[in-house]
Amino acid sequence: MKIQNYIEEKLNQGAVHVTLIDPSRQTPDAAARLTETAQEVGSDLIFVGGATGITQHALTETAKAVKERVSIPVLFFPTGTESISLNLDAFLFLSLLNSRNAQFFSGTQSRVAPVLKRLEIEILSVGYIVVEPGMKLGEIGEIDLVARDNFWQAVGYALTAQFMGMSYVYLEAGNGAAQPVPAGMIRAVKREIAVPLIIGGGIRTAIDARRVRQAGADIVVTGTVIETAGYRERLRSILSALKD
Ligand code: 1GP
C-alpha cells in the first residue's frame with residue numbers, strides 16, 4: 001500500500017503519531033530498539049532524520065537497522081542534513097517555506113528530484129513552516145521564524161503550501177523546543193486548510209500531546225522524548241492521549 005494511503009487510513013481512525021529518530025544521537029542498533037518500542041506502544045510511522053551532524057554512514061546504517069526491526073513505514077526526513085537516504089519507504093519532500101535561502105525552499109530539492117523519480121521512491125510533499133523558537137533548524141535553515149503570536153502569518157504560509165499543491169502542512173517549533181507550537185496557532189491554521197496538519201517540536205508529555213491534538217493536529221511528531229529515561233511509559237501516555 002502506498003504510504004500516503006496508509007496515512008489517510010490512519011487519519012480516518014484518529015490522530016497519527018510519528019516517532020522521529022535522529023541517527024546522530026545513538027548507534028543504529030539502539031535506534032532500532034527504540035523504534036521497536038515506539039511501534040509496540042502504538043506509533044504509526046517512523047521518521048529518520050535530524051538537523052545537524054548526521055554522517056552518511058550513520059544515516060544509512062540507522063535506516064537499515066530500523067527497517068529490519070519494525071513493520072510500520074519508515075520515512076526519510078531530510079531536515080538540513082547533507083546526507084540522504086534512498087532505501088526507506090517514502091521520502092518527505094520538504095520545502096522550508098519561511099527560509100530566506102532558496103536552497104532550502106527548492107534548490108536542494110531540485111538536485112535530488114531526478115534521482116527520486118528514477119528510483120520510483122514515493123514522495124510526500126510537505127510545506128514546512130518553522131515557528132519560534134525554531135532551535136537548530138531555525139539557524140541552519142536561515143529561517144524567518146514565525147512569531148508565536150503571529151497566527152495570521154502561520155495561516156498565510158499554510159495556505160501557500162496548500163495552494164502550491166503540497167499534500168501536508170507541517171508546523172515545526174524545533175527539535176528540543178521548550179514548548180510546542182501554540183494551540184491557538186494550530187487552531188487558526190487548522191480552520192483554514194484542507195490538507196492534513198503535522199505538528200512537531202517540544203511535545204514531551206501527554207498534556208502537550210492532548211493540547212496539540214485538541215487544537216487540530218492530525219499528525220503529531222515526537223523526537224526527544226524517546227531519548228529520555230522512562231521513554232516507554234512517556235511514549236505510552238502520549239499515545240493514549242492521542243488515540244483515546
Ligand atoms: C519533529 O523536531 C521535532 O518535528 C521533534 O522535536 O525532539 O522536541 O520532540 P522534539
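Any value given below was found using the heavy atoms of this structure, including those in side chains, with hydrogens, waters and symmetry copies removed. In each ligand, atom 1 is the first atom listed, and ligand 1 is the first ligand listed. For reference, positions follow the sequence shown, starting with 1. These numbers were taken from a predicted model, which means no experiment stands behind them.
Classification of the Tyr170-Phe77 ring pair by plane angle, with boundaries at 30° and 60°, yields parallel.
Defined by atom type and a distance below 3.5 Å, a donor-acceptor pair is present between the side-chain atoms of Asp22 and Ser24.
Hydrophobic cluster membership differs between Ile54 and Met135, with clusters built from Ile, Leu, Val, Met, Phe, Trp and Tyr side chains linked at under 4.5 angstrom. Under a hydrophobic-cluster definition in which Ile, Leu, Val, Met, Phe, Trp and Tyr are linked whenever side-chain heavy atoms come within less than 4.5 Å, directly or via other members, Leu75 and Leu86 are assigned to the same cluster. Met164 and Val169 fall within a single hydrophobic cluster, where Ile, Leu, Val, Met, Phe, Trp and Tyr are joined by side-chain heavy atoms under 4.5 Å apart, directly or via other members.
Here CD of Glu142 is found 11.0 Å from CG of Leu137. Values are rounded to the nearest 0.5 Å. Here the CZ-CG distance, from Phe105 to Asn98, works out to 10.5 Å after rounding to the nearest 0.5 Å.
Residue contacts with ligand 1: Thr224 is placed with a nitrogen or oxygen under 3.5 Å of a nitrogen or oxygen of the ligand (distance criterion only). For Val221, no nitrogen or oxygen atom sits less than 3.5 Å from a nitrogen or oxygen atom of ligand 1, counting backbone and side chain alike. Note: no N/O pair closer than 3.5 Å links Tyr128 and ligand 1 by distance alone. The N/O atoms of Ile203, backbone and side chain alike, include none that comes under 3.5 Å of an N/O atom in ligand 1.
Shortest contact from atom 4 (O) of ligand 1 to any protein heavy atom: Tyr170 OH, 2.4 Å. The closest protein non-hydrogen atom to atom 6 (O) of ligand 1 is Gly201 CA, 3.3 Å. Atom 9 (O) of ligand 1 has its closest protein heavy atom at Gly223 N, 2.8 Å.
In the vicinity of Gly200, heavy-atom distances shorter than 4.0 Å reach the ligand 1 atoms 4 (O). Here is the list of ligand 1 atoms found below 4.0 Å of a heavy atom in Glu172: 1 (C), 2 (O), 3 (C), 4 (O).
Here Arg33 does not pair with Glu36 in a salt bridge; the nearest charged N to carboxylate O distance is not below 4.0 Å.
Residue contacts with ligand 1 include Thr222, since one or more of its heavy atoms lies under 4.0 Å from the ligand. The closest approach between a heavy atom of Arg204 and any atom of ligand 1 is below 4.0 Å.
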